[in-house]
Amino acid sequence: MSTLNYQERIPNNVDLGGNRQLQRALEHWQPRFLTWWKELGPERYQDADVYLRTAISVDENGWANYGFVKMPDYRWGIFLAEQERDRTIGFGDLCGKPVWQQVPAEFRSILRRLIVTQGDTEPASVEQQRLLGLTCPSLYDLRNLFQVNVEEGRHLWAMVYLLHAHFGRDGREEAEELLARHSGDADKPRILGTFNEPISDWLSFFMFTYFTDRDGKYQLKSLAESAFDPLARSCRFMLTEEAYHMHVGENGIGRIVQRTLEVMKEIGSEDPEAVRRAGAIDLPTIQRYVNFWFSSSLDLFGSEQSSNAANTFANGIKGRPDEATFEDHLALDQAFEIEVPDGAGGLRRESVPMRNAMNEITRRAFVADCETGFIRWNRLIQKSGYQTPLFLPSPRFRRTIGVWGGQPVAPDGSIIAREAWETRKGSWLPTEADGAFIRSLMRQVIEPGKVAGWIAPPARKVNHLAADYEYVKFH
Ligand code: BYC
């Protein structure tokens with residue numbers, strides 16, 4: 001017997017009300033999701049009223065509304081972008097054939113694996129970020145954190161919907177497992193590396209939302225091309241929310257850089273120790289956090305040469321981001337050049353069949369997109385009269401996956417001796433001492449309109465509200 005009015009409780013455009021089997025599956029899963037959310041979602045603030053955006057439709061002109069809601073009462077909805085009439089497969093061997101509304105038996109296990117991998121990252125990020133509310137630099141940031149968290153929750157719902165609606169018993173079991181694996185758990189970790197890294201401070205949070213959510217953008221863009229139409233439509237709508245998460249990252253890092261520059265001017269010094277003594281985060285430390293999160297996020301694209309990627313492309317399951325912008329959608333007789341270590345301390349170029357290089361093609365689009373924030377931050381640095389820019393390290397730096405995995409490479413991309421890597425990595429990656437310093441800055445500020453000393457106030461408000469708006473009301 002239905003205990004909830006799903007049509008009302010879960011805003012959706014998938015006719016949940018008309019599908020009793022799906023309702024039953026979700027009725028089973030939903031209380032487990034809530035238990036998970038209360039145990040491993042945002043610590044302490046389950047009871048607070050938070051000013052949140054909630055997706056209510058897929059109408060481009062008004063897809064969400066804003067209002068106060070307690071997070072456990074958030075209406076995690078299920079939305080698929082509008083169905084395109086007569087959509088055909090846009091790439092691979094089946095190019096031009098009609099897309100699938102159901103999962104073809106021969107692709108069932110690969111599609112399930114991709115949906116599970118995507119789904120796994122969503123609750124993982126909520127778990128990683130669960131303690132950040134206790135050290136938020138402002139009420140504005142606290143609200144943004146919770147906005148990101150509930151939307152990652154909705155993205156989990158999006159994948160669980162697909163598992164329940166299209167994969168029968170296997171899908172239901174996988175949906176349970178999505179709540180059973182936990183970020184950083186020794187026995188049951190999350191599937192992909194970055195999602196087991198702790199995010200214990202706000203500098204890491206902004207790096208994660210800048211870099212790792214951007215991996216999300218590119219993976220979702222690739223899946224939005226899928227011949228499995230419900231997956232494609234689901235991912236297309238998820239991208240709408242994902243854009244805001246990256247904006248949180250870009251603005252957060254920008255505000256930290258801005259504050260650092262103000263302090264450097266005030267004290268008339270760039271010396272990292274002096275900047276730290278004045279309560280700001282020195283630029284070399286910010287660079288070390290960039291190096292860490294960028295390299296970790298690069299691994300999320302998989303190996304440069306991948307038969308998995310070639311197969312999913314050939315079968316129409318996963319395309320390239322913005323596939324329509326490519327000229328040849330078959331990518332059959334083409335080659336792609338990648339760099340590999342030559343085993344003698346140098347590198348050589350290798351030609352790979354294009355289909356096998358899809359992970360690398362997607363990674364390169366990601367890297368180009370990562371540059372945008374640096375242009376803005378470096379403009380701030382330059383305008384303040386300083387000459388040392390922030391930069392993206394070489395994609396070969398600190399890789400653990402792919403041809404560069406485990407290779408000793410400096411941030412400028414040069415291959416170095418292993419001993420040199422060991423002695424110099426402390427100047428390239430966050431150290432224990434960096435972590436301790438950053439954590440020492442993490443003191444909660446929740447007075448409306450006030451902001452911690454290590455980050456500049458936000459330039460833009462949420463939904464045009466006043467700067468001292470009470471975005472979160474505590475009880
Ligand atoms: N860590 O052929 P390979 C997001 C595994 S983020 C651990 O090189 P393939 C979000 C790989 O799974 C977007 N394992 O790669 C962001 C495979 O294992 P199996 C998440 C890794 O298969 C912020 C093996 O190595 N979405 O949405 O072509 C907040 C050989 O793999 C890693 C997706 O990832 C790693 N870094 O591609 C919230 C989309 N890298 O199968 C959310 C779905 C590779 O042999 N996933 N491996 O056991 C995929 O498309 C693919 O699974 C991957 C790997 C791109 C991840």
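In listed order, ligands and their atoms are each counted from 1.
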*Asks:* Which heavy atom of the protein is the closest neighbour of atom 14 (N) of ligand 1, given with residue, atom name and distance?
*Replies:* Leu192 CD2, 3.9 Å
*Asks:* Near Gly193, which atoms of ligand 1 are under 4.0 Å from a heavy atom of that residue?
*Replies:* 1 (N), 7 (C), 35 (C)
*Asks:* Pair Trp404, Gln407 - check side-chain contact (heavy atoms from CB on, under 4.5 Å), show working.
*Replies:* CA-CA 5 Å; Trp404 293 97; Gln407 295 288 325; 4.0 Å; yes
*Asks:* Within a distance under 4.0 Å of any heavy atom of Glu152, pick out the atoms of ligand 1 and give their elements.
*Replies:* 29 (C), 38 (C)
*Asks:* Side chain, backbone, both or neither: which part of His245 comes within less than 4.0 Å of ligand 1 when only heavy atoms are counted?
*Replies:* neither
*Asks:* Are any of the N/O atoms in Ser303 less than 3.5 Å from those in ligand 1?
*Replies:* yes
*Asks:* Trp428 vs Trp421 aromatic rings, parallel, tilted or perpendicular, using cut-offs 30° and 60°?
*Replies:* tilted
*Asks:* Using a strict 4.0 Å cut-off to heavy atoms of Gly216, name the atoms of ligand 1 that fall inside it.
*Replies:* 4 (C), 6 (S), 13 (C), 27 (O)
*Asks:* Are the charged groups of Glu242 and Lys217 less than 4.0 angstrom apart, N to O?
*Replies:* no
*Asks:* Indicate the ring-plane relationship of Tyr51 and Tyr471, choosing parallel, tilted or perpendicular according to the 30° and 60° boundaries.
*Replies:* tilted
*Asks:* Please state which protein non-hydrogen atom is closest to atom 10 (C) of ligand 1 and give its distance, to 0.1 Å?
*Replies:* Thr121 OG1, 3.7 Å
*Asks:* Please state which protein non-hydrogen atom is closest to atom 32 (C) of ligand 1 and give its distance, to 0.1 Å?
*Replies:* Ile401 CD1, 3.5 Å
*Asks:* Taking both backbone and side-chain atoms of Asn359, is any N or O found less than 3.5 Å from an N or O belonging to ligand 1?
*Replies:* yes
*Asks:* Quick check: Lys318 and ligand 1, any N/O pair under 3.5 Å apart?
*Replies:* yes
*Asks:* Of all the atoms in ligand 1, which lie at a distance below 4.0 Å from a heavy atom belonging to Leu300?
*Replies:* 36 (N), 55 (C), 56 (C)
*Asks:* Taking only heavy atoms of Ser125 into account, list the atoms of ligand 1 that are under 4.0 Å away from them.
*Replies:* 29 (C), 38 (C)
*Asks:* Could you identify the single nearest non-hydrogen protein atom to atom 27 (O) of ligand 1 and state the distance to 0.1 Å?
*Replies:* Gln118 NE2, 2.8 Å
*Asks:* Of the protein's non-hydrogen atoms, which lies at the shortest distance from atom 45 (O) of ligand 1, and what is that distance?
*Replies:* Asn308 ND2, 4.2 Å
*Asks:* So does Glu339 pair up with Arg396, basic N to acidic O under 4.0 Å?
*Replies:* yes
*Asks:* Output, in order, the C-alpha distance, side-chain angles, deciding distance and verdict of salt bridge (Lys or Arg N to Asp or Glu O under 4.0 Å) for Glu151 and Arg53.
*Replies:* CA-CA 9 Å; Glu151 286 177 347; Arg53 166 177 92 172; 2.8 Å; yes
*Asks:* First locate atom CD1 of Ile56, then atom CH2 of Trp63, and finally report the distance between them rounded to the nearest 0.5 Å.
*Replies:* 9.5 Å
*Asks:* Please report whether atom 5 (C) of ligand 1 has a protein non-hydrogen atom at a separation of less than 4.0 Å.
*Replies:* no
*Asks:* For atom 54 (C) of ligand 1, which of Gly302, Pro189, Gly249 has the closest heavy atom?
*Replies:* Gly302
*Asks:* Numbering the atoms of ligand 1 from 1, which are under 4.0 Å from a heavy atom of Asp215?
*Replies:* 6 (S), 13 (C)
*Asks:* For Phe211 and Phe294, take the angle between the two ring planes, folded into 0 to 90°, and tell me which bin it lands in: parallel under 30, tilted 30 to 60, perpendicular over 60.
*Replies:* tilted
*Asks:* For Phe313, which part has a heavy atom under 4.0 Å from ligand 1: side chain, backbone, both, or neither?
*Replies:* neither
*Asks:* Please state which protein non-hydrogen atom is closest to atom 51 (C) of ligand 1 and give its distance, to 0.1 Å?
*Replies:* Leu114 CD2, 4.1 Å
*Asks:* May I ask whether Phe208 places a heavy atom under 4.0 Å from ligand 1?
*Replies:* yes
*Asks:* Strictly inside 4.0 angstrom of atom 43 (C) of ligand 1, do you find any protein heavy atom?
*Replies:* yes
*Asks:* Non-hydrogen atoms of Arg113 versus ligand 1: any pair closer than 4.0 Å?
*Replies:* yes
*Asks:* Under 4.0 Å from atom 36 (N) of ligand 1, is there any protein heavy atom?
*Replies:* yes
*Asks:* Look at atom 3 (P) of ligand 1 and say which protein heavy atom is nearest, naming residue and atom and giving the distance to 0.1 Å.
*Replies:* Ser306 OG, 3.7 Å
*Asks:* Look at atom 24 (C) of ligand 1 and say whether a protein heavy atom is found at less than 4.0 angstrom from it.
*Replies:* no
*Asks:* For ligand 1, indicate whether the residue Thr117 contacts it via side chain, backbone, both or neither (heavy-atom separation under 4.0 Å).
*Replies:* side chain
*Asks:* Name the closest protein heavy atom to atom 16 (C) of ligand 1, giving the residue it belongs to and the distance to 0.1 Å.
*Replies:* Thr212 O, 3.4 Å
*Asks:* Is the Trp157 to Phe33 ring centre distance short of 6.0 Å?
*Replies:* yes
*Asks:* Any heavy atom of Leu220 closer to ligand 1 than 4.0 angstrom?
*Replies:* no
*Asks:* Apply salt bridge (charged side-chain N to carboxylate O under 4.0 Å, His left out) to Arg399 and list each qualifying residue two or more places apart in sequence or on a separate chain.
*Replies:* Asp299, Glu304
